[in-house]
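Notes for the one structure printed next.
Reminder, nothing fancy here: chain letters follow the sequence lines and each chain counts from 1.
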There are 2 protein chains.
Amino acid sequence: MAKRLASAAPVPLDEIDRALIAALAEDARRPVSELARLVGLSAPSTAERIRRLESQDVIERFTVQLDARALGFTLQAIVRVKPLPGQLHLVEDVLRRIPEFVECDKVTGDDCFICRLYLHSIEQLDEILSKVTERAETSTAIVKSTPVARRLPPLG
Amino acid sequence: MAKRLASAAPVPLDEIDRALIAALAEDARRPVSELARLVGLSAPSTAERIRRLESQDVIERFTVQLDARALGFTLQAIVRVKPLPGQLHLVEDVLRRIPEFVECDKVTGDDCFICRLYLHSIEQLDEILSKVTERAETSTAIVKSTPVARRLPPLG
DNA sequence: AATGAAAGCTCTTAGAC
DNA sequence: GTCTAAGAGCTTTCATT
């Protein structure tokens, strides 16, 4: 399965590709036969399109989206992390190793990292951030609601 | 399929549930028979566990993770958005309607919204933010790398 | 690239522990 | 809550257009 170069031009998608991706985004476990009906192709063609989208790296993977609340994570926070001088790599390692940080980006500007943190309670915030504050300044915002939950970007 | 109450106690997961979720997170399209082998149960029991995790809302959905770069989104930005007085609801609507905002949280503190924005080019940043800046102050950080890509929270 | 038909798997249901 | 067994349904292969 030939891997696409990171620098290559965008993969062009047709209407059927877009419909297929939308159907898979809704429920990735739908049988190929059902997907085929939805996009108006035969099952073999549909299966081949899915394989093609995977080998072109348009589809990274099929995965499961969990509900943080059902798992007892009653709070979410967005934490901005600004490492103290000389602590950049250590801070990155610390963030990686704390599993409650479910997402973390290194960004331009004053705050070096922006991270999403899942919490069982507000008390847990201090507990977790204490592992970071020896090496970085942090600034925490508690999530009150999520007007846009993770969604697909525009496909065309 | 009885829906779980949002306020209910966390759903307790056993080792098999955790293995099953991990296997589905890696590849949500794996056949039940393969999942069954991986977790050491029969196919019918495995299928029933998946249904149970869905009806308990632990599993929100099975979905597809796309590669933004293969789609031509060469840049990602994190934008903090602080609505001007009286513009809060309108700003929220604007963010929702711009599909390049793939995620958006309303948070405590001075910046009301924190959003993730996919971009085809740096020129597109101004283009998109101009729809917001009439109604809000924005502060943009460009993503340089992603030390922690979206991952599962701790399950146990 | 897409299709239909058929072989081979996979899923689900049923019934029992 | 789990299992086996068997029928129903799905996926894949391949020859064809």
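- Residue A:Pro31 is in sugar-phosphate contact alone, with no base atom involved, counting any heavy-atom pair closer than 4.0 Å across all strands shown.
- When the nucleotides C:dT10, C:dA1, C:dT12 are ranked by their closest atom to the side chain of B:Ala47, C:dT12 comes out on top.
- Taking the charged nitrogens against the carboxylate oxygens, B:Arg52 and B:Glu48 have no contact shorter than 4.0 Å, which rules out a salt bridge.
- Residue whose closest nucleotide on DNA chain D sits further toward the 5' end, between B:Ser42 and A:Val32: B:Ser42.
- Atom pair A:Arg29:CZ and C:dC11:P shows a separation of 7 Å (rounding to whole Å applied).
- No contact: A:Arg52 has no heavy atom under 4.0 Å from any strand.
- The side chain of A:Leu41 lies closest to C:dA2 when the candidates are D:dT11, C:dA2, D:dT12.
- Using a 4.0 Å cut-off between charged nitrogen and carboxylate oxygen, B:Glu34 and B:Arg37 do not count as a salt-bridge pair.
- Between the side chain of A:Asp17 and the main chain of A:Asp14, a donor-acceptor pair closer than 3.5 Å is present.
- A sub-4.0 Å separation between OP1 or OP2 of C:dT3 and a side-chain N or O of A:Ser45 is present.
- The side chain of B:Pro44 approaches D:dT4 more closely than any other nucleotide in the set D:dT4, C:dA2, D:dT2.
- The residue B:Arg49 sits close only to the backbone: its heavy atoms come under 4.0 Å of sugar-phosphate atoms, none of a base.
- Distance CD (B:Glu34) to P (D:dT11): 15 Å, rounded to an integer number of Å.
- Between A:Ser33 and D:dT11 there is a side-chain polar atom (N or O) within less than 4.0 angstrom of OP1 or OP2.
- Between the OG atom in A:Ser33 and the CG atom in A:Leu38 there is a gap of 9.5 Å [rounded to 0.5 Å].
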